[in-house]
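Computation of the quantities below employed the complete heavy-atom set of this structure, encompassing side-chain atoms and omitting hydrogens, waters and symmetry-equivalent molecules.
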Amino acid sequence: RTSQQVRLLIATAESVADNGYAGATIRDIARRAGTSTKAFYENYRDKEQAVLATFVFVDNMVARMQEAGDGHTDPASALSAALRTYLDTHSAQPVWARALIIETLTATEAIRIKRAATLVQCADILATGLERFRPTPVDRHLVLAALGGMNELIIDHLTTNPGQPFPPTILTTAETLMRTLFLAGP
């Protein structure tokens, strides 16, 4: 990606996080990126395409989650490493977290579909990591529900404590839930 494309991606996330999807404008995105609306249109067809492009951030996080979980030989530490990567990534980039977890819910169908597919992808990574240590398959819907619960904790924090670091209770709650669901005995 070019420097201008990166600035536009960052500006898109910032504008959506600050204004919501409906309130974000191409003029505001271009201004935040330090470029023109013409330059915006040279890179993206419209606001929807720009928001969809911001999911590259999530694609990178998904790859890091996979790597984090793969390096462990016991299920609890593999799960913890993948969950920590998920949470640390969102904590380090609260603008992206707000834009992609909260504001995309009110966006276009294509963006909501991309958001949902990304959550399924994260749940699949967690489930696949857990299955390395289990003789039976992991219920993907249950993992997705647990991940959704973690997202609700993130949303609660972002809306009630904007600009504050994520408390460790988000991770410990998610770990406790996942361990109880998937690592406890029969």
Side-chain angles (χ1 to χ4, degrees), residues 1 5-24 29 43-71 78-132 137-159 162 166 170-171 173-175 177-178 181-182:
R1 295 193 183 270
Q5 288 170 328
V6 170
R7 288 193 324 269
L8 284 166
L9 289 176
I10 293 167
T12 299
E14 289 173 347
S15 186
V16 169
D18 290 346
N19 304 308
Y21 180 78
I29 293 167
N43 288 279
Y44 303 106
R45 176 184 65 246
D46 53 24
K47 179 173 63 172
E48 178 185 63
Q49 187 182 38
V51 171
L52 287 168
T54 65
F55 277 90
V56 69
F57 164 78
V58 178
D59 295 339
N60 292 335
M61 178 193 67
V62 167
R64 288 193 310 278
M65 282 178 68
Q66 179 76 49
E67 292 168 11
D70 284 349
L79 177 63
S80 182
L83 288 173
R84 182 175 305 283
T85 299
Y86 185 87
L87 184 62
D88 287 351
T89 302
H90 287 90
S91 182
Q93 299 292 334
V95 167
W96 291 88
R98 182 172 186 85
L100 298 176
I101 292 176
I102 300 173
E103 302 303 338
T104 54
L105 288 170
T106 61
T108 66
E109 182 178 4
I111 293 169
R112 289 191 308 273
I113 288 169
K114 177 64 176 171
R115 179 188 185 276
T118 299
L119 287 175
V120 167
Q121 190 177 12
C122 290
D124 281 345
I125 285 172
L126 293 171
T128 301
L130 288 166
E131 287 171 347
R132 293 185 0 226
V138 172
D139 182 337
R140 298 300 206 256
H141 288 105
L142 203 51
V143 177
L144 184 59
L147 188 59
M150 187 172 177
N151 276 351
E152 286 301 317
L153 294 172
I154 292 170
I155 290 168
D156 178 63
H157 179 76
L158 289 171
T159 56
F166 285 14
I170 294 176
L171 178 61
T173 302
E175 286 175 331
L177 177 61
M178 292 283 205
L181 289 172
F182 304 109

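By the ring-ring contact (aromatic ring centres under 6.0 Å, His included) test, F182 pairs with no residue at all, sequence neighbours left out. Every residue two or more places apart in sequence or in another chain that forms a salt bridge (Lys or Arg N to Asp or Glu O under 4.0 Å) with D70 is listed here: R132. Among residues two or more places apart in sequence or in another chain, the salt bridge (Lys or Arg N to Asp or Glu O under 4.0 Å) test is passed with D18 by R32. In this structure Y21 satisfies the ring-ring contact (aromatic ring centres under 6.0 Å, His included) test with no other residue, sequence neighbours excluded.
With contacts defined as side-chain heavy-atom distances shorter than 4.5 Å, the pair V58/Q121 does not qualify. Taking 4.5 Å as the limit, some side-chain heavy atom of I111 sits within range of a side-chain heavy atom of E48. Side-chain contact between L87 and M150: present, with at least one pair of heavy atoms (C-beta onward) separated by less than 4.5 Å. Put simply, the side chain of Y44 does not reach to within 4.5 Å of the side chain of I29, judged on heavy atoms. Looking at heavy atoms from C-beta onward, R115 lies in side-chain contact with I101 at the 4.5 angstrom threshold. A heavy-atom distance below 4.5 Å is found between the side chains of I102 and T159. Contact of the F55 side chain with the T104 side chain is registered, since non-hydrogen atoms from C-beta on lie closer than 4.5 Å. Proximity of Q49 to L52: side-chain heavy atoms (C-beta onward) are nowhere separated by under 4.5 Å.
When every heavy atom of N19 is checked against every heavy atom of A24, the shortest pair comes out as CB-N, 3.8 Å. Across all non-hydrogen atoms, the minimal contact from A146 to L181 is CB-CD1, 4.2 Å. When every heavy atom of T12 is checked against every heavy atom of A50, the shortest pair comes out as OG1-CB, 3.8 Å. A68 approaches A81 most closely through the heavy-atom pair O-CB, 3.5 Å.
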**Report entry** Check against side-chain contact (heavy atoms from CB on, under 4.5 Å), W96 and L9
**Finding:** CA-CA 10 Å; W96 291 88; L9 289 176; 4.1 Å; yes

Report task. Dump the intermediate steps for side-chain contact (heavy atoms from CB on, under 4.5 Å) on M178 and S80, then the final yes or no. Result -> CA-CA 9 Å; M178 292 283 205; S80 182; over 6 Å; no

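Using modelled atom types, one side-chain atom of T118 and one backbone atom of K114 make a donor-acceptor pair closer than 3.5 Å.
Screening residues 139-151 for side chain to side chain donor-acceptor pair (under 3.5 Å), with sequence neighbours left out, gives Y86-N151, D124-R140, T128-R140, E131-R140. Listed by first and then second residue, the salt bridge (Lys or Arg N to Asp or Glu O under 4.0 Å) pairs involving residues 94-111 are R98-E103 (not counting sequence neighbours).
Going from atom CG of D88 over to atom CZ of R64 covers 9.5 Å, rounded to the nearest 0.5 Å. Atom CG of residue L147 and atom CG of residue L142 lie 11.5 Å apart, to the nearest 0.5 angstrom. The structure places OG1 of T85 at 7.5 Å from CE of M65, a figure rounded to the nearest 0.5 Å. Residue H157 holds its NE2 atom at 6.0 Å from CD1 of I170, rounded to the nearest 0.5 Å. Remark: L177 CG to T173 OG1 distance equals 9.0 Å, nearest 0.5 Å. In this structure, the separation between NE2 on H90 and CG on L158 is 9.0 Å, given to the nearest 0.5 Å.
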